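Read the structure below first, then the notes.
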Amino acid sequence: VDETVVEDMRRLEESFKGISQKYRLINRIGEGTFSTVYKAEQLTPPADLDQENDDPMEESEAEMPAAKRRRTRRKAQIVALKKIYVTSSPHRIMNELELLHELRHSPYICPLLTAFRHLDQVVAVLPYFRHLDFRLYYRDFLINDMRHYFRCLLHGLRHVHQAGILHRDIKPTNFLYDNARRSGVLVDFGLAERQGTDWQPCLCQESGHRRRERFMNSYAVQLLQSTQDLQSQSYPKNDSRPSRRANRAGTRGFRAPEVLFKCTSQTTKIDIWSAGVILLTLLARRFPFFNSADDVDAMIEMASIFGRKKMQGVAGMHGQVFETNIETVGERGFSFEKIILWASCRERTSDTLRRGEEQAVEFLHGLLELDPHKRWSAKEALHHPFFTEPVE
Ligand code: ADP
Ligand code: MG
């Protein structure tokens with residue numbers, strides 16, 4: 001273990017009263033914007049947050065067969081300690097712990113064992129989940145591996161979404177996957193929120209006809225129609241339109257189109273889009289697949305794939321206007337099949353996808369659907385032949 005990591009772990013043990021009596025820190029395993037995560041050995045059993053004790057996992061050690069006892073004991077011993085930075089607001093920390101606690105009953109979500117607070121510091125304790133870094137395996141994943149990966153991920157999302165919660169930050173580092181065991185768990189509910197938080201009606205909620213009517217009457221469209229040359233157009237000086245505020249939380253490259261277009265009535269479907277980005281990454285074997293610096297760049301990246309026409313359609317759906325004079329953005333974009341063939345250097349016209357890949361691409365269409373109303377829910381996705389009638 002690195003010197004600076006040892007020093008960092010020592011500081012935590014010293015500053016956080018009681019931690020060193022309960023856990024022996026082993027290593028630092030994650031460092032992000034809002035937290036540092038350590039691997040640790042548990043010295044005493046943690047206090048149970050769950051008072052009801054209705055969990056079948058809770059059977060007493062004496063009742064278990066010896067093999068299971070060994071397994072359970074080993075599982076309970078190694079934990080992940082997530083030290084949440086004091087710069088994170090108390091409300092935010094509370095939100096993460098509360099949602100994790102609420103979601104603890106799914107095997108596809110890493111459960112919160114307990115949490116400690118010392119002054120302004122908070123440490124969440126989760127069972128340690130063995131996994132590999134995505135960068136180490138995304139190039140070698142077979143279609144069948146993707147099937148198992150997505151089955152776990154979508155089961156996790158189904159549970160989160162059924163509870164009316166948006167994860168908001170679905171990406172490889174927040175889904176811990178162990179290919180050897182073919183199992184995975186969702187982590188990091190730091191940006192999660194209940195559906196409906198800050199909800200405002202968005203144009204996308206209205207029927208097609210009403211939407212078109214409202215859109216054509218919108219200020220933005222009138223502005224566009226009143227000028228011949230878009231390029232010479234400047235921003236209006238006295239813009240009386242209220243500025244649009246929408247939750248943009250998430251990670252660049254994984255944001256759904258409705259997040260980019262500042263939709264004010266975002267739903268759990270934003271997580272399905274992000275899952276789709278992971279699938280496209282695996283199929284194209286390119287990571288990160290999208291690599292934009294900001295939301296405008298992200299729209300351009302999206303437009304180069306889906307084409308200008310479809311992007312304008314989605315923009316309009318959320319009451320926005322999308323225009324670009326960038327030449328690489330074509331009118332119609334490219335099919336996923338083309339993109340995957342290019343990415344894997346199979347660009348001769350005679351090259352086609354293998355049957356398993358074809359099925360995965362057909363599945364991908366339901367996830368990377370620009371219109372959140374047409375995009376599948378986790379439950380719908382799990383019923384796809386990709387899982388029920390797998391083709392190799
Ligand atoms: P952050 O909010 O800083 O992104 P995360 O909860 O995503 O925090 O954790 C950061 C990293 O720590 C994860 O990507 C993962 O590598 C590791 N990690 C988190 N929880 C666990 C766990 N229960 N078991 C093993 N590793 C974990
Ligand atoms: Mg994370």
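For the numbers below, each heavy atom of this structure counts, side chains included, while hydrogens, waters and symmetry mates do not. Counting starts at 1 for both ligands and their atoms, in listed order. Not measured: the values here are computed from a predicted model. Positions are given from 1 along the sequence.
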If we set the cut-off at 4.0 Å for heavy atoms, which region of His131 has an atom near ligand 1: side chain, backbone, both, or neither?
side chain
Among all protein heavy atoms in this structure, tell me which lies nearest to atom 2 (O) of ligand 1, with the distance rounded to 0.1 Å.
Asp188 OD2, 3.1 Å
Ala80 heavy atoms, cut-off 4.0 Å: which ligand 1 atoms fall inside?
21 (C), 22 (C), 23 (N), 24 (N)
Over 60° means perpendicular and under 30° means parallel, so classify the ring planes of Phe116 and Tyr23, tilted if in between.
perpendicular
Could you tell me which atoms of ligand 1, counted from 1 in the order shown, lie closer than 4.0 angstrom to a heavy atom of Cys110?
23 (N)
Restricting to N/O/S atoms, is Asp188 within less than 2.8 Å of the Mg ion (ligand 2) or not?
yes
With only distance considered, is Pro127 within less than 3.5 Å of ligand 1 through an N or O on each side?
yes
Check this for me - ligand 1, Thr173, N or O atoms closer than 3.5 angstrom, yes or no?
yes
Under 4.0 Å from one or more heavy atoms of Gly32, ligand 1 contributes atoms 3 (O)
Step by step, work out the salt bridge (charged side-chain N to carboxylate O under 4.0 Å, His left out) result for Arg10 and Glu13.
CA-CA 5 Å; Arg10 202 181 51 78; Glu13 286 176 328; over 6 Å; no
Metal check, the Mg ion (ligand 2) vs Ser35 N/O/S, cut-off below 2.8 Å:
no
With atom 21 (C) of ligand 1 as the reference point, say which of Leu126, Leu176, Leu186 has the nearest heavy atom.
Leu176
Would you check whether Thr33 has a nitrogen or oxygen atom less than 3.5 angstrom from a nitrogen or oxygen atom of ligand 1?
no
Quiz item: cation-pi between Arg147 and Phe363, 6.0 Å / 45°
no
Any chance the side chains of Arg346 and Ser344 put a donor and an acceptor closer than 3.5 Å?
yes
Rounded to the nearest 0.5 Å, what's the gap from CD1 on Ile109 to CZ on Arg104? Could you check?
11.5 Å
Please work out which of the three classes, parallel, tilted or perpendicular, describes the rings of Phe336 and His365, given edges at 30° and 60°.
tilted
Looking only at heavy atoms, is any part of Lys82 under 4.0 Å from ligand 1, and if so is it the side chain, the backbone, or both, or is it neither?
side chain
Atom indices of ligand 1, in the order listed, that fall short of 4.0 Å to a heavy atom of Tyr128:
24 (N), 25 (C)
Residue pair Thr251 / Lys171: nearest heavy atoms and the distance that separates them
OG1-NZ, 3.0 Å
Short version for Asn174: what comes under 4.0 Å of ligand 1, heavy atoms counted, is side chain
Any side-chain heavy atom of Thr267 within less than 4.5 Å of one from Gln195?
yes
Quick one: which ligand 1 atoms are inside 4.0 Å of a heavy atom on Val37?
9 (O), 10 (C), 12 (O), 18 (N), 19 (C)
Specify the protein heavy atom at minimum distance from atom 3 (O) of ligand 1: its residue, its atom name, and the distance to 0.1 Å.
Ser35 OG, 2.6 Å
Looking only at heavy atoms, what is the nearest atom pair of Ile93 and Ser88, with distance?
CD1-O, 3.7 Å
For ligand 1, which is the ligand I care about here, please tell me if Val187 has any N or O atom under 3.5 Å from one of the ligand's N or O atoms.
no
In terms of heavy-atom contacts, Phe254 and Pro172 come closest through CZ-CD, 3.6 Å
